[in-house]
Enquirer: 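Sharing a structure, written as structure tokens. Questions coming.
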Amino acid sequence: MIDVAALAKRDAFARGLGIEFVEASLGRAVTRVSIEERHLNFNGVGHGGLTFTLADAAFGYACNSQGVVSGSIDAHIVYSIAVRLGDVLTATAAEISRSSRASNYRIDVVRGDGKLVAAMTGTALISGKPVVTS
């Protein structure tokens, strides 16, 4: 397994949104964000784009954890409940299948109380090129 934390440090977009890398293992990664005022939409609830990005970051870290450059070719998300200011969201990505060219993932986003906020599925294309962590 590669140093996924090093990849996360280079992810300026996710870091700029306040998304934290928590942990990773082969085919698995966890990210977290605390909902701040800047993350609220015009209705005063957490923006769906932030939830998607949180899940997508975990997905990206998980699919690259094996050291081969992989990128999303499909992602689908279903939102279950709204989130509010102060909520802490955690996304956990887990590999559900892998071949030499593609891998599939399930990413669950939960609130601090354990309630499912959103569920994403994603497919990544495996390039065959090594991931560079430095």
Side-chain angles (χ1 to χ4, degrees):
M1 186 175 110
I2 64 158
D3 183 0
V4 179
L7 290 182
K9 286 179 185 174
R10 295 194 340 236
D11 194 342
F13 183 67
R15 284 190 345 241
L17 290 171
I19 294 172
E20 306 168 51
F21 166 77
V22 177
E23 65 181 31
S25 56
L26 282 178
R28 184 179 179 280
V30 180
T31 56
R32 179 176 46 225
V33 70
S34 295
I35 302 299
E36 302 170 3
E37 190 170 334
R38 67 183 171 141
H39 300 133
L40 303 179
N41 68 17
F42 53 82
N43 287 320
V45 297
H47 199 291
L50 176 69
T51 304
F52 186 97
T53 302
L54 176 70
D56 190 54
F59 171 32
Y61 303 148
C63 71
N64 283 276
S65 65
Q66 297 192 36
V68 181
V69 173
S70 301
S72 175
I73 57 171
D74 178 69
H76 177 79
I77 193 164
V78 176
Y79 300 95
S80 303
I81 58 175
V83 297
R84 311 265 182 228
L85 184 67
D87 284 345
V88 176
L89 306 183
T90 302
T92 303
E95 188 174 88
I96 54 177
S97 68
R98 183 179 190 89
S99 71
S100 62
R101 298 295 296 151
S103 55
N104 294 293
Y105 293 81
R106 163 79 188 235
I107 306 95
D108 287 337
V109 179
V110 298
R111 218 169 41 187
D113 62 3
K115 294 204 182 222
L116 184 69
V117 170
M120 175 189 268
T121 56
T123 302
L125 182 64
I126 301 169
S127 74
K129 299 175 185 174
V131 171
V132 177
T133 58
S134 54

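Only heavy atoms go into these numbers, but all of them, side chains included; no hydrogens, no water, no symmetry mates.
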Enquirer: Measure the spacing between CZ of Phe59 and OG1 of Thr123 and express it to the nearest 0.5 Å.
Expert: 6.5 Å
Enquirer: Over all heavy atoms of both residues, which pair between Ala58 and Ala91 is shortest? Give the atoms and the distance, please.
Expert: CB-O, 4.0 Å
Enquirer: Only one of Val109, Val33, Ile35 passes side-chain contact (heavy atoms from CB on, under 4.5 Å) with Thr51; say which it is.
Expert: Val109
Enquirer: Rounded to the nearest 0.5 Å, what separation is found between the OG1 atom of Thr121 and the CD1 atom of Ile96?
Expert: 7.5 Å
Enquirer: Is the shortest heavy-atom distance from the side chain of Arg98 to the side chain of Tyr105 under 4.5 Å?
Expert: yes
Enquirer: What heavy-atom pair brings Ala118 and Tyr79 nearest, and what distance separates the two atoms?
Expert: CB-CD2, 4.0 Å
Enquirer: Can you find a pair of side-chain heavy atoms, one from Ile19 and one from Thr53, that are under 4.5 Å apart?
Expert: yes
Enquirer: Do Asp113 and Arg111 meet the salt-bridge criterion of a basic N to acidic O distance under 4.0 Å?
Expert: yes
Enquirer: Are Met1 and Val132 co-members of a hydrophobic cluster defined by side-chain heavy atoms under 4.5 Å apart?
Expert: no
Enquirer: Looking at His39 and Leu17, would you say the former's side chain and the latter's main chain have a donor-acceptor pair under 3.5 Å?
Expert: yes
Enquirer: So do Leu7 and Asn64 actually touch side chain to side chain, heavy atoms under 4.5 Å?
Expert: yes
Enquirer: I need the minimum non-hydrogen distance between Gly122 and Ile107, along with the two atoms involved.
Expert: N-CD1, 4.3 Å
Enquirer: Would Leu89 end up clustered with Ile81 when hydrophobic side chains under 4.5 Å apart are linked, directly or stepwise?
Expert: yes
Enquirer: May I ask you to say whether Arg106 pairs ionically with Glu95, meaning some side-chain N is under 4.0 Å from a carboxylate O?
Expert: no
Enquirer: Set out, in order, the CA-CA distance, both residues' side-chain angles and the distance that settles side chain to side chain donor-acceptor pair (under 3.5 Å) for Ser97 and Asn104, then state yes or no.
Expert: CA-CA 5 Å; Ser97 68; Asn104 294 293; 2.9 Å; yes
Enquirer: Please walk me through it: do Arg32 and Glu20 pass side-chain contact (heavy atoms from CB on, under 4.5 Å)?
Expert: CA-CA 5 Å; Arg32 179 176 46 225; Glu20 306 168 51; 3.6 Å; yes
Enquirer: Please determine whether residues Leu50 and Phe13 belong to a single hydrophobic cluster, defined as Ile, Leu, Val, Met, Phe, Trp and Tyr linked transitively by side-chain heavy-atom distances below 4.5 Å.
Expert: yes
Enquirer: Compare every heavy atom of Arg101 with every heavy atom of Ser127, then report the nearest pair and how far apart it is.
Expert: O-NH1, 3.9 Å
Enquirer: When hydrophobic residues are tied together by side-chain contacts of less than 4.5 Å, even through go-betweens, does Ile2 share a cluster with Leu26?
Expert: yes
Enquirer: Look only at the side chain of Asn43 and the backbone of Val45, and say whether a donor-acceptor pair between them is shorter than 3.5 Å.
Expert: no
Enquirer: Quick check for you: to the nearest 0.5 Å, what is the distance between Thr133 atom OG1 and Lys9 atom NZ?
Expert: 10.5 Å
Enquirer: Give a yes or no on whether the backbone of Cys63 and the side-chain of Ser70 come within a donor-acceptor separation of less than 3.5 Å.
Expert: yes
Enquirer: Does a side-chain heavy-atom distance below 4.5 Å link Thr90 with Val22?
Expert: no
Enquirer: What distance do Ser100 atom OG and Ile126 atom CD1 have between them, rounded to the nearest 0.5 Å?
Expert: 7.0 Å
Enquirer: Minimum heavy-atom separation for Ser25 to Ser65, with atom names?
Expert: O-OG, 3.5 Å
Enquirer: How are the rings of Phe21 and Tyr61 set to each other: parallel, tilted or perpendicular (split at 30° and 60°)?
Expert: perpendicular
Enquirer: Say whether, by atom type as modelled, one donor and one acceptor occur between the side chain of Thr31 and the main chain of Leu54 under 3.5 angstrom.
Expert: yes
Enquirer: Output the distance between atom CG (Leu85) and atom CD (Glu37), rounded to the nearest 0.5 Å.
Expert: 7.0 Å
Enquirer: In Å and rounded to the nearest 0.5 Å, what is the CG to NE2 distance from Asn41 to His47?
Expert: 6.0 Å
